[in-house]
Amino acid sequence: MQTATSSNIYQLSEEQLAVRDAARDFAQSELWAGVIERDEHQKFPAEQVKKMGELGFMGMMVSPEYGGSGLDTVSYVLAMEEISKVDASCSVIMSVNNSLVCWGLEKYGTEEQKQKYLPRLCSGEIIGAFALSEPEAGSDATSQRTTAEDKGDYYLLNGTKNWITNGTTASVYLVIAQTNPELKSRGINVLIVEKDMPGFIQGPKENKLGIRGSDTCSLMFTDVKVPKENRIGADGFGFKFAMQVLAGGRIGIASQALGIASGALELSLKYSKERKAFGVPISQHQAIQFKLADMATNIDAARLLCLQAAADKDNGADYAKSGAMAKLFASKVAMDSAVEAVQIHGGYGFVKEYHVERLMRDAKITQIYEGTSEIQKIVISRELLK
């Protein structure tokens, strides 16, 4: 009798599989060796990011005419998973550059803006950052205190932004600011701010629980003159821009969470076959087998949600709900899988050498940034109730 083999309802193309394999090879050969040291010393992976640019991972979905790889979102999900298995700090740098900066610029920017910034962002020559969150405007993104006063041919930018990924290393920042408070969300604009503009200061790097290789800081703007040609879209388009790029960004962070979970499972499988207790490998004990089974089942379900959201985006379908579902579920799976990985490793799971404690610390942020899990439930329920 023939044994039926599992089939993938998402039949990946040869190109997509090649992208996945290239990302896996890069992660294993270039990221693995120094990942613990980068985490411990909060060392930004400058060399690794440059190589990601050379390999096309920093502008995956950007058209080749602007220096991008011209790939689909499914390929992006596959690459994000593989890189996140090894180093979530590198993957969040990649995610912000791809989802929040490059995609928004290509989708809504002028031809001049695209030509000026996209080729350098895609190559890794420069890095981008997205500045929405503020001390009093995290989940409530409409409450922007940062102001962009219209001065005719330029905007005068004043305010503070918090929790900005790539904050100290970026050269280009997409900054969300309020121009017409009386119009509320319809009075918000998005401006391209360059690192060396007078009055723009980056704060010190935050000392974080996880993703410590990536840099996160506050940004301060004091009478920064931003030329009118640096506005993306029409006057008042900023809030809609932010929501659109964040919807796509959730797919990237969902994929990051998926990768952290997958990495936790791979390490747990390997360890469970090597570690012996009561005379046999612990993989032969049902208590461990059940943990592995639960992890694998949840990870496969998370992967399907990520691929569904990516397919929706590629096919021009509304991906607000599927993206939010992917992020909500995958981030929970990441946290649960990382905690179980530590448990499976026992005392060894509590020390840095075995990697899983880092995965556990990295996993937590996936339930918080680019929309908390609570916000994802609001998004999903709104979509259901439309």
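Here the structure is a predicted model, which means the values were calculated and not measured. Just the heavy atoms: all of them, side chains too, but no hydrogens, waters or symmetry mates, feed the values below.
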Q. Between K327 (side chain) and G371 (backbone), is there a donor-acceptor pair under 3.5 Å?
A. yes
Q) Between CH2 of W163 and CG of L132, what distance do you get to the nearest 0.5 Å? A) 14.0 Å
Q: Evaluate the salt bridge (Lys or Arg N to Asp or Glu O under 4.0 Å) criterion for residues E47 and K51: first the C-alpha distance (whole Å), next the side-chain angles of each, then the deciding distance (0.1 Å), finally the verdict.
A: CA-CA 6 Å; E47 286 181 34; K51 287 179 181 175; 5.0 Å; no
Q. Do any N or O atoms from the side chain of S272 and from the backbone of L269 form a donor-acceptor pair under 3.5 angstrom?
A. yes
Q) Heavy atoms, side chains only, cut-off 4.5 Å: are V333 and L258 in contact? A) no
Q | Charged N-O contact under 4.0 Å between E383 and K321 | A | no
Q) Using a distance-only test with no angle check, is there a side-chain donor-acceptor pair under 3.5 angstrom linking S262 and E81? A) yes
Q.
Less than 4.5 Å apart, side chain to side chain, heavy atoms only: is that true for N98 and F57?
A. no
Q: List the steps, then state whether salt bridge (Lys or Arg N to Asp or Glu O under 4.0 Å) holds for E266 with K85.
A: CA-CA 9 Å; E266 288 183 6; K85 283 181 185 179; 2.7 Å; yes
Q: Tell me yes or no: between the side chains of N97 and S95, is some donor less than 3.5 Å from an acceptor?
A: no
Q) Parallel, tilted or perpendicular: which fits the ring planes of Y348 and Y354, with parallel below 30° and perpendicular above 60°? A) tilted
Q | Check: Q144/K161 side-chain N/O donor and acceptor closer than 3.5 Å | A | yes
Q: Begin from the C-alpha positions of I282 and K273 and carry the test side chain to side chain contact (heavy atoms under 4.5 Å, CB included) through to its verdict.
A: CA-CA 7 Å; I282 63 171; K273 294 173 183 177; over 6 Å; no
Q. Is there a donor-acceptor pair under 3.5 Å between the side chain of E82 and the backbone N or O of V19?
A. no
Q: Indicate whether any N or O donor in one side chain lies under 3.5 Å from an N or O acceptor in the other, for S218 and N162.
A: yes
Q.
Under a 3.5 Å cutoff, is there a donor and acceptor pairing between the side chains of S214 and S89?
A. no
Q) Y66: what forms a side-chain hydrogen bond (donor to acceptor under 3.5 Å, both in side chains) with it, not counting sequence neighbours? A) E111
Q) Taking side chain as C-beta onward, heavy atoms only, is E229 less than 4.5 Å from D153? A) no
Q | Donor on one side chain, acceptor on other, R250 and Q376, under 3.5 Å | A | yes
Q) Between the side chains of S75 and D72, does any donor sit under 3.5 Å from an acceptor? A) yes
Q.
Measuring only between side-chain heavy atoms, which start at C-beta, is S331 closer than 4.5 Å to S373?
A. yes
Q) Going through the checks in order, is the salt bridge (Lys or Arg N to Asp or Glu O under 4.0 Å) test met by K291 and D294? A) CA-CA 5 Å; K291 289 180 186 296; D294 285 341; over 6 Å; no
Q | Any M94 side-chain heavy atom under 4.5 Å of I83 side chain | A | yes
Q. Can you tell me if T146 and E134 form a side-chain donor-acceptor pair at under 3.5 Å?
A. yes
Q. V342 versus H345: any side-chain heavy-atom pair under 4.5 Å?
A. no
Q. If you round to the nearest 0.5 Å, how far is NZ of K151 from CG of L157?
A. 13.0 Å
Q) When you check the side-chain N and O atoms of Y76 and Q16, is any donor under 3.5 Å from an acceptor? A) no
Q: Please step through side-chain hydrogen bond (donor to acceptor under 3.5 Å, both in side chains) for the pair K208 and T216, ending with a clear verdict.
A: CA-CA 8 Å; K208 299 175 296 187; T216 305; 2.8 Å; yes
Q.
Closer than 3.5 angstrom, by distance alone: can the side chain of D314 be matched with the main-chain N or O of T73 as a donor-acceptor pair?
A. yes
Q: Show your reasoning for whether side-chain hydrogen bond (donor to acceptor under 3.5 Å, both in side chains) applies to N189 and D235.
A: CA-CA 6 Å; N189 280 310; D235 187 21; 2.8 Å; yes
Q.
Distance check, rounded to the nearest 0.5 Å: L78 atom CG versus L17 atom CG?
A. 7.5 Å
Q: Using a strict 4.0 Å threshold on nitrogen-to-oxygen distance, state whether K116 and E194 make a salt bridge.
A: yes
**Q.** Check: F130 ring centroid to Y173 ring centroid under 6.0 Å
**A.** no
Q: Identify whether the distance between the nearest side-chain nitrogen and carboxylate oxygen of D150 and K228 falls below 4.0 Å.
A: yes
Q) To the nearest 0.5 Å, what is the distance between CD (Q289) and OG (S283)? A) 7.0 Å
Q. Are Q113 and I232 close enough, and set up right, to give a side chain to side chain contact (heavy atoms under 4.5 Å, CB included), and what steps lead you there?
A. CA-CA 8 Å; Q113 290 167 349; I232 298 177; 3.9 Å; yes
Q. Taking the six-membered ring of Y154, is NZ or CZ of K225 closer than 6.0 Å to its centre and within 45° of its axis?
A. yes
**Q.** Side-chain donor or acceptor of H355 paired with backbone N/O of I36 under 3.5 Å
**A.** no
Q) Could you walk me through whether D336 and N298 pass the side chain to side chain contact (heavy atoms under 4.5 Å, CB included) check? A) CA-CA 9 Å; D336 292 348; N298 286 326; 5.7 Å; no
Q | Nearest-0.5 Å distance, CD1 of residue I365 to CD of residue Q256 | A | 9.0 Å
(Q) Any salt bridge linking R361 with E357? Criterion: basic side-chain nitrogen under 4.0 Å from a carboxylate oxygen. (A) yes
(Q) For the backbone of E125 and the side chain of S123, can you confirm whether one donor and one acceptor N or O come within less than 3.5 Å of each other? (A) yes
Q: With sequence neighbours excluded, tell me which residues meet ring pair (Phe, Tyr, Trp, His ring centres under 6.0 Å) with Y117.
A: none
Q. Would E136 and R145 satisfy salt bridge (Lys or Arg N to Asp or Glu O under 4.0 Å), going step by step from the backbone distance to the final call?
A. CA-CA 8 Å; E136 295 183 34; R145 299 288 181 89; 3.0 Å; yes
Q) Any sub-3.5 Å donor-acceptor pair from T366's side-chain atoms to A363's backbone N or O? A) yes
Q: Using only heavy-atom distances, determine whether the side chains of T147 and N158 contain a donor-acceptor pair under 3.5 Å.
A: no
Q.
Before you tell me yes or no, could you show the steps for L219 and I201 under side chain to side chain contact (heavy atoms under 4.5 Å, CB included), namely the whole-Å CA-CA distance, both residues' side-chain angles and the distance that decides it to 0.1 Å?
A. CA-CA 6 Å; L219 309 176; I201 298 172; over 6 Å; no
**Q.** Main-chain N/O of A317 paired to N315 side chain as donor or acceptor, under 3.5 Å
**A.** no
Q: Working to the nearest 0.5 Å, report the span between CE of M80 and CD1 of I253.
A: 5.5 Å
Q | Residues S322, Q308; criterion side-chain hydrogen bond (donor to acceptor under 3.5 Å, both in side chains); working and verdict | A | CA-CA 7 Å; S322 57; Q308 181 63 63; 6.0 Å; no
Q.
Ignoring hydrogens and geometry beyond distance, is a side-chain donor-acceptor pair present between N166 and T169 at under 3.5 Å?
A. no
Q: Look at the side chain of N180 and the backbone N and O of G236, then say whether any donor-acceptor pair between them is shorter than 3.5 Å.
A: no
Q) For L156, does its backbone N or O pair with a side-chain atom of D223 as donor and acceptor, under 3.5 Å? A) no
Q.
Just so I know, are the side chains of C102 and L105 near enough to count as touching, which here means a heavy-atom distance under 4.5 Å?
A. no
